[in-house]
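Worth knowing before you read on, the calculation uses all heavy atoms, side chains too, and leaves out hydrogens, waters and symmetry mates. The first residue of the sequence shown is numbered 1, and numbering continues consecutively from there.
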Amino acid sequence: MDKEITLEVTSQKRKKGAVIAVISIAVLVLLVVALRGFIKSSVKKAEITTATVEVGNIENTLNATGEVLPEFEEIITSPINASIKSALMDAGNKITPGQSILTLDKSATQTEFDKLNFTLESKRNEIAKLKLDLAKSFYDIQSNNDIKQLRISSLADAVENAKRLFKAGGGTREGIEQAELNLKVAQLEKKQLENEIKNKQQTMQIEIKEAQIAAAIQENDLKALQRKLALANVVATRTGVITYVNKNIGANVHEGETLARIANLGSFKVSGSISDNSMDQLHSGIPVIIRINDTQLRGHVTNVSPSVQNSIISFDIQLDDRANKQLRPNMKVDVFLVTATHSKIMRVANGPAFKGPTVQDIFVINNGKAERRTVHIGLTNFDYVEIEDGVKPGDVVITSDMTEFKNSKEVTITN
């Protein structure tokens, strides 16, 4: 008689079968992976790029961006509040000293100049009148002083006459005392008048000085306005190329507003910018490499902005070759800040094969085959990678991506 198989027994058999299946699959995968390591893979020569290990120098760099600017640029601003009457030059035109760039409507400023000039003439006439009035007043006081002196002399004679008359018995003591009193009063009046003359002289000097200072201020204002009127004839002061000109005819411009820029395109600099994460490595004097297409220019940082804007730091670069023909105003360029340099090391051209870790596997070609080797990576930049060991000068390294052969110890190179 058959026994009925319980549900528990059936479930256990199913679990055991599933475990066996998983283990079988895992073993199969491991066997395939292990087998791939021993199977000789192949790659076509045209599908890879190679570079030869050489001895040289390498520089570690930080990537930044830059903009080419004229090293010397003159900014011409409006000297007055005016409107643009006409524009005689366009951006890109070469210009020489004395050439007109644009003209401004300066009629309002000319009217102000004429008014100020009339006010200055009035002030000068006022000074002349003041000098005449003060001179007349001084003359009148001086004349009164002379009259006082004559009166004192007369009263002194009267005192002497009163004394002689008293001695002769014809006068009295009261007469002498009255004559002496009149003399003292006259002397005090003269002294008072002399003090008044002295004060009047000082007052004259102060009033004239104040009037002269006020006139001098107005004269300086007039000269400044005259100079602004002369500058309102917007002309070039140096040889160069116009990089900007305000051609909005009829537009009102305020004093200090930019009208034109003149640059010397024979000499350039670079304005760079980089993330503030690199702030600690950025400083004046650090070497810089500028890349323009296939051209590399060298220079150094001359100034680092102390402020950070939108997590970006700005800095200025002085180029060794400031007149290179590749340079153009407002050109965007790649900037590489050199933070470290190693000399006389083994290096190879950079490529996709180098992923970044300091320890990684590369393939070295030997007798038509690529052998996998583990090497230590030193400094890297956009051109080269430093290889510290595992290769020797003259070895040919595959620089293209070899990820698909990461489990192969050897790859055959086919034509």
Side-chain angles (χ1 to χ4, degrees), residues 56-77 89-99 101 234-246 258-276 278-310 312-343 347 349-350 379-384:
N57 302 332
I58 190 170
E59 297 166 316
N60 193 53
T61 59
L62 290 175
N63 293 356
T65 58
E67 181 180 6
V68 178
L69 299 174
E71 190 169 23
F72 303 103
E73 185 175 44
E74 178 186 10
I75 300 176
I76 300 177
T77 60
M89 289 286 181
D90 291 324
N93 290 156
K94 292 183 178 180
I95 198 164
T96 57
Q99 278 189 284
I101 300 174
V234 184
V235 298
T237 58
R238 65 177 66 196
T239 301
V241 175
I242 296 178
T243 57
Y244 166 79
V245 61
N246 189 339
T258 299
L259 296 176
R261 293 190 182 96
I262 301 175
N264 177 5
L265 299 187
S267 181
F268 293 90
K269 64 179 180 180
V270 175
S271 176
S273 57
I274 194 172
S275 170
D276 60 354
S278 305
M279 182 183 299
D280 294 340
Q281 301 180 72
L282 180 62
H283 57 83
S284 295
I286 185 173
V288 177
I289 300 172
I290 307 297
R291 173 171 282 184
I292 305 174
N293 298 324
D294 295 330
T295 303
Q296 289 185 15
L297 302 177
R298 289 189 172 265
H300 62 275
V301 175
T302 57
N303 178 60
V304 179
S305 174
S307 61
V308 178
Q309 295 183 350
N310 298 324
I312 297 297
I313 302 176
S314 300
F315 54 94
D316 296 327
I317 301 169
Q318 180 177 310
L319 299 172
D320 296 340
D321 183 7
R322 308 177 195 177
N324 190 281
K325 294 181 180 179
Q326 297 285 339
L327 297 171
R328 295 288 184 273
N330 304 320
M331 174 187 285
K332 304 299 182 182
V333 295
D334 293 324
V335 176
F336 301 92
L337 303 172
V338 180
T339 58
T341 302
H342 288 176
S343 302
R347 68 181 188 181
N350 203 344
L379 298 184
T380 62
N381 60 25
F382 48 88
D383 283 329
Y384 295 104

Hey, could you give me the [atom1]/[atom2] distance between [X] and [Y], rounded to the nearest 0.5 Å?
{"X": "Ile274", "Y": "Leu337", "atom1": "CD1", "atom2": "CG", "answer": "5.0 Å"}
{"X": "Thr243", "Y": "Glu74", "atom1": "OG1", "atom2": "CD", "answer": "10.5 Å"}
{"X": "Ile76", "Y": "Thr258", "atom1": "CD1", "atom2": "OG1", "answer": "10.0 Å"}
{"X": "Ile75", "Y": "Thr77", "atom1": "CD1", "atom2": "OG1", "answer": "8.5 Å"}
{"X": "Ile242", "Y": "Ile101", "atom1": "CD1", "atom2": "CD1", "answer": "4.5 Å"}
{"X": "Asn303", "Y": "Asp316", "atom1": "CG", "atom2": "CG", "answer": "5.0 Å"}

Non-neighbouring partners of [X] that pass salt bridge (Lys or Arg N to Asp or Glu O under 4.0 Å), sequence neighbours left out:
{"X": "Lys325", "result": "none"}
{"X": "Arg291", "result": "Asp383"}
{"X": "Glu73", "result": "none"}
{"X": "Asp90", "result": "Lys247"}

Of all residues at least two apart in sequence or in a different chain, which pass the side-chain contact (heavy atoms from CB on, under 4.5 Å) check with [X]?
{"X": "Val241", "answer": "Lys94, Leu265"}
{"X": "Asn330", "answer": "Glu67, Leu69"}
{"X": "Ser305", "answer": "Ser307, Ser314"}
{"X": "Gln318", "answer": "His300, Thr302, Arg322"}

Practice task
Starting from the C-alpha separation in whole Å, work towards a yes-or-no answer on side-chain contact (heavy atoms from CB on, under 4.5 Å) for Ile58 and Asn381.
Solution key: CA-CA 8 Å; Ile58 190 170; Asn381 60 25; 3.8 Å; yes
Exercise for the section: Check step by step if side-chain contact (heavy atoms from CB on, under 4.5 Å) holds for Ile289 and Val338. Expected result: CA-CA 7 Å; Ile289 300 172; Val338 180; 4.0 Å; yes
Acceptor/donor pairs from residues 279-287 side chains to any protein atom, 3.5 angstrom cut, sequence neighbours excluded:
none

Practice task
Only counting residues at least two apart or in another chain, list the ones meeting ring-ring contact (aromatic ring centres under 6.0 Å, His included) with Tyr244.
Solution key: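 Tyr244 satisfies ring-ring contact (aromatic ring centres under 6.0 Å, His included) with no residue once adjacent residues are dropped.
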Handout entry: Residues which pass ring-ring contact (aromatic ring centres under 6.0 Å, His included) with Tyr384, listed by chain and number, not counting sequence neighbours
Key =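 ring-ring contact (aromatic ring centres under 6.0 Å, His included) list for Tyr384, sorted by chain: empty.
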Handout entry: Ser273 to Ile312 - nearest heavy-atom pair and separation
Key = CB-CG2, 3.6 Å
Handout entry: Heavy-atom pair with the smallest gap, counting every atom of Ile262 and Ala236
Key = CD1-CB, 3.8 Å
Handout entry: Listed partners of Arg298 passing side-chain hydrogen bond (donor to acceptor under 3.5 Å, both in side chains), at least two apart
Key = Glu59
Handout entry: Main-chain N/O of Gln326 paired to Asn324 side chain as donor or acceptor, under 3.5 Å
Key = yes
Problem - Check: Asn264 side chain, Pro70 main-chain N or O, donor-acceptor pair, under 3.5 Å - result: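 Here the side-chain-to-backbone pair does not exist.
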Problem - Verdict with reasoning, Leu327 to Leu297, per side-chain contact (heavy atoms from CB on, under 4.5 Å) - result: CA-CA 10 Å; Leu327 297 171; Leu297 302 177; 3.8 Å; yes
Practice task
Apply side-chain contact (heavy atoms from CB on, under 4.5 Å) to the pair Asp334 and Phe382, showing each step before the final yes or no.
Solution key: CA-CA 11 Å; Asp334 293 324; Phe382 48 88; over 6 Å; no
